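These numbers were taken from a predicted model, which means no experiment stands behind them. In what follows, chains carry the letters A, B, and so on, assigned in the order in which the sequence lines appear, proteins first and then strands, with residues in each chain numbered from 1. Just so you know, these numbers use all the heavy atoms, side chains as well, and skip hydrogens, waters and symmetry mates.
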2 protein chains.
Amino acid sequence: MSDKKQQLLEASIDLFAREGFWNTSTASIAKHAGVATGTLFNYFPSKDALIDAVYMHLKHEWLQHIQRDYPVRADIKSRLEHIWYRNIDWGVRFPERYNLKQQLSLSGVLGAEAVDYEAEELAFLHELIQEGFNQGIFKEMSVDYFNSMVMAEMDATVRYATAQGLKDMALARLIALSSDVLWSGVAR
Amino acid sequence: MSDKKQQLLEASIDLFAREGFWNTSTASIAKHAGVATGTLFNYFPSKDALIDAVYMHLKHEWLQHIQRDYPVRADIKSRLEHIWYRNIDWGVRFPERYNLKQQLSLSGVLGAEAVDYEAEELAFLHELIQEGFNQGIFKEMSVDYFNSMVMAEMDATVRYATAQGLKDMALARLIALSSDVLWSGVAR
DNA sequence: CCCTAGAATGACTAATCAGTCAACCCCTAT
DNA sequence: ATAGGGGTTGACTGATTAGTCATTCTAGGG
């Protein structure tokens, strides 16, 4: 990815998180990125396309963070705990990015491409859940619902940890607690 | 509340849900409500104030719905189940309203007044949770965190039910399942 | 040193927006 | 009948916006 494109994405994330995407002008993004307004439209055909790109960029970073050191061969619980820990870690470390990502996915501004991108990359989580069901360790429910539940509880945990400014020990304790709440909720 | 004010709120909810609040013009709201643009500003000093009012209106409706037939004297679990059921019922019956309300609360557009309004009316849920802690039936965690968890799981359930178009029996089964997941997650 | 192609520029435009205000309408009290 | 006043109107304004495009710049091959 070219320098300028990267700068434009970074500037967009900054400003979107600070002011909201709906009242951040393309002019201010270009200025903040240190390029001319016309340049923005060399890289992104429209503001909507830029927003989509920002979303996909954030999602990609997030997934990269989660998949780091993913213990492919470990048992289900350990793998789920890895995802749990890494997700919350990302959310707490980059609260503006985390929040922006959530906001974009709820806002209804994303184009079809960005929405499709969603499911595709989360395949490894789906597989993990499916495997759990095959082994009969979870209560009976659909994979999709299980997945929503996991995401929702992670989200609640990230928000709480960020609001309280939890770090280190206190954060580790919250993560352990939340993981326990999830597991005892969904396990048979 | 005057007729026109009610019409303006209703029109705003419609259009905000359909197009997003950030690209719904005050002119289109007035038109949709059957009044002149100037009239809107007789009732709301600015678009921001209108958005706040929409949020508070939705929140009020939601709380009214939840508190209907609230079994004040029942035990903790029953009361929590009542809230659970009534919340999901509202979300599934009014998906655009539900979604708009969530979107507004995440968007950062709400003024201080609307945000304060939040905590105040949820007092009865806080009390319920606190009572549960006093009785020692929940795992050790903060009331706020418990509260976020409850909201997050309800949210996941509403979203899933809406996405799948669940009704009647299927919906009742999902509600029972989700309630069980929550309870076995948080209970000691 | 020159030439060319693609990247970068920023002044510009056409459209849209929130909010204003002078005029008007209609109801009520005198 | 008339005066007054609060509610309603919609044309209007000044500001802002996404996106364009003629022009300038730059890097690299000949």
Exercise. On DNA chain C, which is the earliest and which the latest nucleotide, 5' to 3', with an atom closer than 4.0 Å to a heavy atom of chain A?
Worked result: C/dA8 to C/dA11
For this session: Please list, in 5' to 3' order, the outermost nucleotides of DNA chain D lying under 4.0 Å from any heavy atom of chain B.
Result: D/dT8 to D/dA11
Exercise. With ring centroids as reference points, do A/Trp22 and A/Phe16 lie under 6.0 angstrom apart?
Worked result: no
Problem set entry | All ring-ring contact (aromatic ring centres under 6.0 Å, His included) counterparts of A/His82, not counting sequence neighbours | A/Tyr70
Exercise. Taking DNA chain D as the partner, which of residues 16-48 of chain B come within under 4.0 angstrom of it by heavy atom?
Worked result: B/Val35, B/Ala36, B/Thr37, B/Gly38, B/Thr39, B/Asn42, B/Tyr43
Problem set entry | ring-ring contact (aromatic ring centres under 6.0 Å, His included) involving A/Phe44 - partner list, sequence neighbours excluded | none
Exercise. So which pairs with a foot in residues 124-134 of chain A pass salt bridge (Lys or Arg N to Asp or Glu O under 4.0 Å), sequence neighbours left out?
Worked result: A/Arg79-A/Glu131
Exercise. Under a single-linkage rule joining Ile, Leu, Val, Met, Phe, Trp and Tyr whose side-chain heavy atoms are separated by less than 4.5 Å, which residues share a cluster with B/Leu106?
Worked result: A/Leu106
Exercise. What pairs of residues pass the salt bridge (Lys or Arg N to Asp or Glu O under 4.0 Å) test when at least one of them lies in residues 137-146 of chain A, not counting sequence neighbours?
Worked result: A/Lys139-B/Asp180
Exercise. Does any pair with a residue in residues 161-170 of chain A pass side chain to side chain donor-acceptor pair (under 3.5 Å), and if so which ones, sequence neighbours excluded?
Worked result: none
Problem set entry | Residue pairs fulfilling salt bridge (Lys or Arg N to Asp or Glu O under 4.0 Å) with at least one residue in residues 14-43 of chain A, sequence neighbours excluded | none
For this session: Can you sort out the partners of B/Glu113 under salt bridge (charged side-chain N to carboxylate O under 4.0 Å, His left out), two or more places apart, ordered by chain and number?
Result: none
Problem set entry | Residue list, salt bridge (charged side-chain N to carboxylate O under 4.0 Å, His left out) with B/Arg86, at least two apart or on another chain | none
